[in-house]
Amino acid sequence: MARTASKPTRASSSAAAVLASSADDAAFATTLAKGLVVLEAFKAGTTLLGNMELSRLTGIPRPTVARLTHTLAELGYLRYEAARTKYRLGARALRMAHPLLANMQFRQVARPMMQELAQSVRGTVSIGLLDGTSMIYVETARSGDVGPHVPDVGMPIPVVMTAMGRAAAATLPPADADRLERQIAAEDAGLWAAFRDRYRAGLTQCASRGFCTCFGEYIVAIHAVAAPLFHVPELDQSFSINCGIPAFRPQPGQLEGEIGPRIAALADSIRAVVHAAGPATETQQHNKRARK
């Protein structure tokens with residue numbers, strides 16, 4: 001039986017997961033999905049792949065992979081290197097990101113403020129967009145010496161292990177936040193069990209202080225703070241902003257006492273400029289109840 005149409009969800013964080021769960025959907029274009037699964041196999045560190053490698057990574061039979069890669073190369077989304085008999089992403093793949101990024105005009109407004117904070121703390125300041133159980137960097141600013149972690153636009157990181165992810169989750173309406181927790185647990189029960197308490201503590205921090213902290217949970221050498229930005233219901237988009245610093249750099253207590261409040265203040269400034277509403281903090285909720 002074909003599934004009924006519904007609004008876009010955060011059900012999966014990859015084309016492969018959607019493909020695997022869509023066998024009963026008569027309206028689902030399987031060949032198109034397989035092509036996207038092949039494109040998603042190209043990640044940092046695996047930028048040059050042959051058909052055999054792609055078949056192993058995706059689980060798609062090699063003859064099918066060969067037809068998909070040939071087609072994608074003809075269209076310009078892959079580039080074939082004959083000397084190595086392998087493929088890399090083509091320049092046309094960049095075109096897919098531009099319309100999405102162009103609609104996030106607040107990034108241009110935010111970037112000078114982000115750069116100022118990044119230079120001040122000698123770290124990175126980035127904006128992320130919630131995508132399934134991952135965060136995708138959509139803007140970033142950095143100082144000259146940021147250590148081993150150099151984020152860039154388009155880079156994904158996990159929601160559950162990061163301050164950026166927890167801060168974005170804090171922008172969600174309650175029903176969506178509950179759904180996200182179930183998705184994280186369904187995709188990796190072990191990861192959810194290991195980080196559930198710290199994840200929920202991050203949501204509590206965002207509600208009480210306007211930011212949350214993360215001490216090397218995702219990358220040991222990086223400590224981070226993040227603040228919720230805003231949720232756009234009509235586009236099903238949730239954004240947060242973080243600041244990452246090499247773990248050796250902050251003084252004891254500086255992350256919570258100084259940099260956290262600064263990232264929260266930066267989030268406030270960005271929302272004020274673009275006239276966006278942020279999630280209500282516990283103080284705001286208390287004041288609202290007191291006025292009633």
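Model, not experiment: these values are computed from the prediction. The residues of the chain are indexed from 1 along the displayed sequence.
Taken to the nearest 0.5 Å, the NE2 atom of His98 stands 10.5 Å off from the CG atom of Leu100. Atom CD1 of residue Ile136 and atom OG of residue Ser134 lie 5.5 Å apart, to the nearest 0.5 angstrom. Note: Leu57 CG to Thr46 OG1 = 7.0 Å, rounded to the nearest 0.5 Å. Taking CG from Leu255 and NE2 from His223, the interatomic distance works out to 7.5 Å, rounded to the nearest 0.5 Å. A distance of 11.0 Å separates CG of Leu94 from OH of Tyr77, quoted to the nearest 0.5 Å. A distance of 14.0 Å separates NZ in Lys43 from CE in Met155, rounded to the nearest 0.5 Å.
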### Task
Please assess Leu39 against Leu72 for the test side-chain contact (heavy atoms from CB on, under 4.5 Å), listing each intermediate value before the final yes or no.
CA-CA 9 Å; Leu39 288 177; Leu72 290 166; 4.0 Å; yes
### Message
Under the criterion side-chain contact (heavy atoms from CB on, under 4.5 Å), I'd like the reasoning laid out for Leu68 against Thr31: C-alpha separation, chi angles, the key distance, then a yes or no.
### Response
CA-CA 8 Å; Leu68 292 170; Thr31 301; 4.3 Å; yes
### Task
Output, in order, the C-alpha distance, side-chain angles, deciding distance and verdict of side-chain contact (heavy atoms from CB on, under 4.5 Å) for Glu181 and Arg200.
CA-CA 10 Å; Glu181 287 199 1; Arg200 290 176 174 168; 2.7 Å; yes
### Query
For Arg249 and Arg122, what are the C-alpha separation, side-chain angles and deciding distance, and is it a side-chain contact (heavy atoms from CB on, under 4.5 Å)?
CA-CA 8 Å; Arg249 189 158 286 160; Arg122 298 173 63 198; 3.3 Å; yes
### Query
Glu187 and Thr133: side-chain hydrogen bond (donor to acceptor under 3.5 Å, both in side chains), yes or no, with the steps?
CA-CA 9 Å; Glu187 288 189 13; Thr133 58; 2.9 Å; yes
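Within the 3.5 Å criterion, the main-chain N or O of Pro151 finds a donor-acceptor partner in the side chain of Arg142. Without hydrogens or angle criteria, Asp188 side chain to Leu191 main chain gives a donor-acceptor distance under 3.5 Å. Under a 3.5 Å cut-off, the side chain of Asn103 and the backbone N or O of Pro99 do form a donor-acceptor pair. No donor-acceptor pair under 3.5 Å is formed between the side chain of Arg62 and the backbone N or O of Asn51. At least one donor-acceptor pair under 3.5 Å links the side chain of Ser240 to the backbone N or O of Met164. Although no hydrogens or angles enter the test, the distance criterion places a donor-acceptor pair under 3.5 Å between the side chain of Gln254 and the main chain of Gln251.
By the criterion of side-chain heavy atoms lying less than 4.5 angstrom apart, applied directly or through intervening Ile, Leu, Val, Met, Phe, Trp or Tyr residues, Ile270 is not grouped with Leu130; the two fall into different hydrophobic clusters. With hydrophobic clusters built from ILVMFWY side chains whose heavy atoms lie under 4.5 angstrom apart, Ile241 shares a cluster with Val232. Note: the hydrophobic cluster containing Met114 also contains Val138 (ILVMFWY, side chain heavy atoms under 4.5 Å, direct or indirect links). Put simply, Leu229 and Leu180 are part of two different groups of oily side chains (I, L, V, M, F, W, Y) that touch within less than 4.5 Å, one to the next. Hydrophobic clustering (side-chain heavy atoms under 4.5 Å, transitive across Ile, Leu, Val, Met, Phe, Trp, Tyr) keeps Ile157 apart from Val220.
Residues Leu203 and Ala169 share a closest heavy-atom pair of CD2-CB, 3.8 Å. Between Ala163 and Ala224, the shortest heavy-atom distance links the atoms CB-O, 4.2 Å. Across every non-hydrogen atom of Thr162 and Cys214, the tightest pair is CA-SG, 4.2 Å. In terms of heavy-atom proximity, Thr58 sits nearest to Ala41 at CG2-CB, 4.1 Å. For the residue pair Ala226 and Ile263, the shortest heavy atom distance occurs at C-CG2, 4.2 Å. When every heavy atom of Gly210 is checked against every heavy atom of Ala227, the shortest pair comes out as O-CB, 3.4 Å.
For Arg95, the CZ atom sits in a loose shell: 12 or fewer heavy atoms of surrounding residues, nucleotides or ligands are nearer than 6.0 Å. The number of heavy-atom neighbours closer than 6.0 Å to CD of Gln105, taken from other residues, nucleotides and ligands shown, is 12 or below. Around the CZ atom of Arg79, the shell of radius 6.0 Å holds no more than 12 heavy atoms that belong to other residues, nucleotides or ligands.
Evaluation of the ring-ring contact (aromatic ring centres under 6.0 Å, His included) rule for Phe239 yields Phe106, Phe230 as partners, not counting sequence neighbours.
You'll find the side chain of Leu129 stays beyond 4.5 Å of the side chain of Met135, heavy atoms only. Taking the side chain as every heavy atom from C-beta outward, Pro112 and Gln115 never approach each other to under 4.5 Å. Using a 4.5 Å heavy-atom cutoff, the side chains of Leu48 and Phe42 are not in contact. Taking the side chain as every heavy atom from C-beta outward, Cys212 and Val225 never approach each other to under 4.5 Å. Ile60 places none of its side-chain heavy atoms less than 4.5 Å from the side chain of Leu54. In this structure the side chain of Ser126 never reaches within 4.5 angstrom of the side chain of Glu139, judged on heavy atoms. A heavy-atom distance below 4.5 Å is not found between the side chains of Phe211 and Cys206. Proximity of Met161 to Arg198: side-chain heavy atoms (C-beta onward) are nowhere separated by under 4.5 Å.
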Without placing hydrogens or testing angles, list every side-chain donor-acceptor pair under 3.5 Å for residues 82-89, not counting sequence neighbours.
residue, atom, partner, partner atom, Å
Lys86, NZ, Glu53, OE1, 3.4
Arg88, NE, Glu81, OE2, 2.5
Arg88, NH2, Glu81, OE2, 2.9

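Salt-bridge annotation for Glu256 and Arg209: absent, with no side-chain N of the basic residue lying under 4.0 Å from a carboxylate O of the acidic one.
Residue pairs meeting the salt bridge (Lys or Arg N to Asp or Glu O under 4.0 Å) criterion with at least one member in residues 156-175, sequence neighbours excluded: Arg166-Glu217.
A donor and an acceptor atom, one from each side chain of Arg262 and Ser120, are located under 3.5 Å apart.
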